[in-house]
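Structure, as structure tokens:
All ligand and atom numbering here is 1-based and tracks the order in the structure. Because the structure is a prediction, the values reported are computed rather than measured.
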Amino acid sequence: MLEVSGLTTKYGAISALRDASLSVGAGEVVGLIGPNGAGKTTLLGSIAGLLEPSSGKVTFEGVDVTKASPEALLRSGMALVPEHRRIFVDMTVEENLKIGGITRSGAERSESLKEMAELFPVLRDKWDTAAGFLSGGEAQQLAIARALMSKPKLLMMDEPSLGLAPILVDLVFDLIDQLRADGRTILVVEQNATRMLQAADRAYVLRSGEFVAEGTGTELLERSDLFDTFVGG
Ligand code: ATP
């Protein structure tokens with residue numbers, strides 16, 4: 001579904017991402033792990049049209065989308081749950097969700113609102129609450145639900161467990177398991193390497209802007225050298 005080849009993205013003269021290639025097949029959960037500053041967010045931003053790569057190619061469902069705008073990518077079926085959630089704190093849960101479905105018709109959006117209320121009971125109970133009053137775990141669920149409102153073919157998440165209490169980290173990974181069981185295609189950036197490798201079909205390890213390993217979650221979990229050197233446990 002997604003093919004990234006030879007992607008390099010720079011901030012000024014500094015290459016934050018160098019010659020990165022990855023693929024995500026339909027129905028796969030793919031993890032992207034690596035330490036702080038490895039270039040994970042840069043890679044997601046480059047795929048989602050938020051950053052312009054200086055070289056390389058992004059293909060989505062066979063179409064070259066390297067230079068496509070974030071809006072065009074959203075319309076073609078890519079949705080991103082950004083780092084730090086970036087929900088609209090002055091708007092209610094429902095209003096946040098409606099924004100997530102902005103590219104769709106009223107009827108489709110209503111249908112998806114019902115789905116989100118079922119998938120996220122916590123949000124259903126706070127439908128009319130301003131998002132700024134949600135707890136960290138609730139806010140993360142809202143950010144994920146908002147992305148799902150566009151009915152994406154590919155859901156990308158940037159550090160969904162960041163800053164959450166352990167029990168809420170469990171909740172996020174349970175949700176990833178549930179979405180995977182529904183057959184959704186997901187690319188997840190995580191610093192929580194162990195949990196990500198347990199949840200992913202395959203994963204890539206990024207360090208200092210370059211991929212240093214790739215494999216199934218099980219294979220990479222056995223590579224203790226990677227954990228010690230690149231991820232830090
Ligand atoms: P984190 O887990 O801390 O979010 P990351 O793996 O997502 O890290 P990136 O945020 O992609 O890493 O950053 C990769 C590199 O690019 C880092 O060295 C970072 O300092 C640098 N960088 C990121 N954003 C910018 C920017 N807007 N301007 C300049 N340098 C940046």
Side-chain angles (χ1 to χ4, degrees), residues 2-24 29-58 60 65-70 73 78-87 136-137 139-140 143-144 146-147 154-166 168-169 172-173 175-176 186-200 202-215 217 220-221 223 225-233:
L2 177 74
E3 290 286 341
V4 172
S5 58
L7 214 61
T8 293
T9 302
K10 299 181 178 180
Y11 297 106
I14 296 166
S15 298
L17 187 69
R18 282 185 300 281
D19 199 22
S21 298
L22 68 75
S23 65
V24 183
V29 173
V30 174
L32 193 52
I33 59 178
N36 266 330
K40 306 182 297 295
T41 298
T42 302
L43 177 52
L44 282 197
S46 305
I47 295 170
L50 302 171
L51 295 168
E52 195 177 327
S54 55
S55 59
K57 192 171 170 188
V58 180
F60 185 55
V65 294
T66 319
K67 294 199 185 306
S69 67
L73 290 168
M78 256 190 219
L80 174 66
V81 182
E83 196 174 13
H84 307 303
R85 300 159 202 142
R86 311 246 181 256
I87 53 175
Q140 185 60 66
I144 296 171
R146 183 182 56 185
L154 171 67
L155 176 67
M156 295 188 283
M157 296 191 236
D158 196 345
E159 307 229 11
S161 78
L162 188 71
L164 297 182
L168 297 173
V169 172
V172 165
F173 280 100
L175 183 62
I176 292 173
I186 311 178
L187 176 60
V188 196
V189 160
E190 260 294 338
Q191 275 193 51
N192 193 332
T194 310
R195 293 298 299 271
M196 190 64 243
L197 292 178
Q198 287 163 344
R202 288 187 304 114
Y204 295 82
V205 184
L206 196 57
R207 184 189 66 165
S208 303
E210 289 177 351
F211 283 126
V212 291
E214 176 203 342
L220 293 175
L221 272 171
R223 296 271 308 269
D225 57 314
L226 290 177
F227 282 83
D228 296 343
T229 314
F230 307 130
V231 186

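Shown in contact with A38 at under 4.0 Å from a heavy atom are these atoms of ligand 1, numbered in order with element: 5 (P), 6 (O), 12 (O). Against a heavy-atom cut-off of under 4.0 Å, P35 is close to the following atoms of ligand 1: 6 (O). Each of the following atoms of ligand 1 lies closer than 4.0 Å to a heavy atom of E83: 4 (O). Close contacts between ligand 1 and E159 involve ligand atoms 2 (O) [criterion: under 4.0 Å to a heavy atom]. For ligand 1, the atoms sitting less than 4.0 Å from at least one non-hydrogen atom of T42 are 9 (P), 11 (O), 13 (O), 14 (C), numbered in the order shown with element in parentheses. Atom numbering of ligand 1 starts at 1 in the shown order; those under 4.0 Å from a heavy atom of T41 are 4 (O), 5 (P), 7 (O), 10 (O), 11 (O).
Nearest non-hydrogen protein atom to atom 24 (N) of ligand 1 is Y11 CZ, 3.4 Å. Of the protein's non-hydrogen atoms, G39 N, 3.1 Å is the one closest to atom 12 (O) of ligand 1.
In this structure a side-chain-to-backbone donor-acceptor pair under 3.5 Å is present from K40 to P35. In this structure, the side chain of T66 engages the main chain of V58 through a donor-acceptor pair within 3.5 Å. Without hydrogens or angle criteria, S5 side chain to S21 main chain gives no donor-acceptor distance under 3.5 Å. Remark: the backbone N or O of S54 is not paired with any side-chain donor or acceptor of T8 at under 3.5 angstrom.
With rounding to the nearest 0.5 Å, the separation of CG in L73 from CE in M156 is 7.5 Å.
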> Going through the distances and angles, do E159 and L164 end up as a side chain to side chain contact (heavy atoms under 4.5 Å, CB included)?
Replying inline: CA-CA 10 Å; E159 307 229 11; L164 297 182; over 6 Å; no
>> I'd like to know whether I47 forms a side chain to side chain contact (heavy atoms under 4.5 Å, CB included) with F60, so could you lay out the CA-CA distance, the side-chain angles of the two residues, the decisive distance to 0.1 Å, and finally the verdict.
In response: CA-CA 9 Å; I47 295 170; F60 185 55; over 6 Å; no
>> Go through it in stages, so that I can follow the logic: the residues are F211 and L43, the test is side chain to side chain contact (heavy atoms under 4.5 Å, CB included), and I'd like the CA-CA distance, side-chain angles, deciding distance and then a yes or no.
In response: CA-CA 11 Å; F211 283 126; L43 177 52; 3.7 Å; yes
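No heavy atom of G34 sits closer than 4.0 Å to any atom of ligand 1.
In this structure, atom 15 (C) of ligand 1 has protein heavy atoms in its sub-4.0 angstrom surroundings. Counting only heavy atoms, the protein never gets under 4.0 Å from atom 20 (O) of ligand 1.
Of the candidates L51, T9, N36, D158, N36 brings a heavy atom nearest to atom 3 (O) of ligand 1.
Using modelled atom types, one finds a donor on one side chain and an acceptor on the other under 3.5 Å when comparing T9 with S46.
Between G37 and ligand 1, an N or O atom pair is found at a separation short of 3.5 Å.
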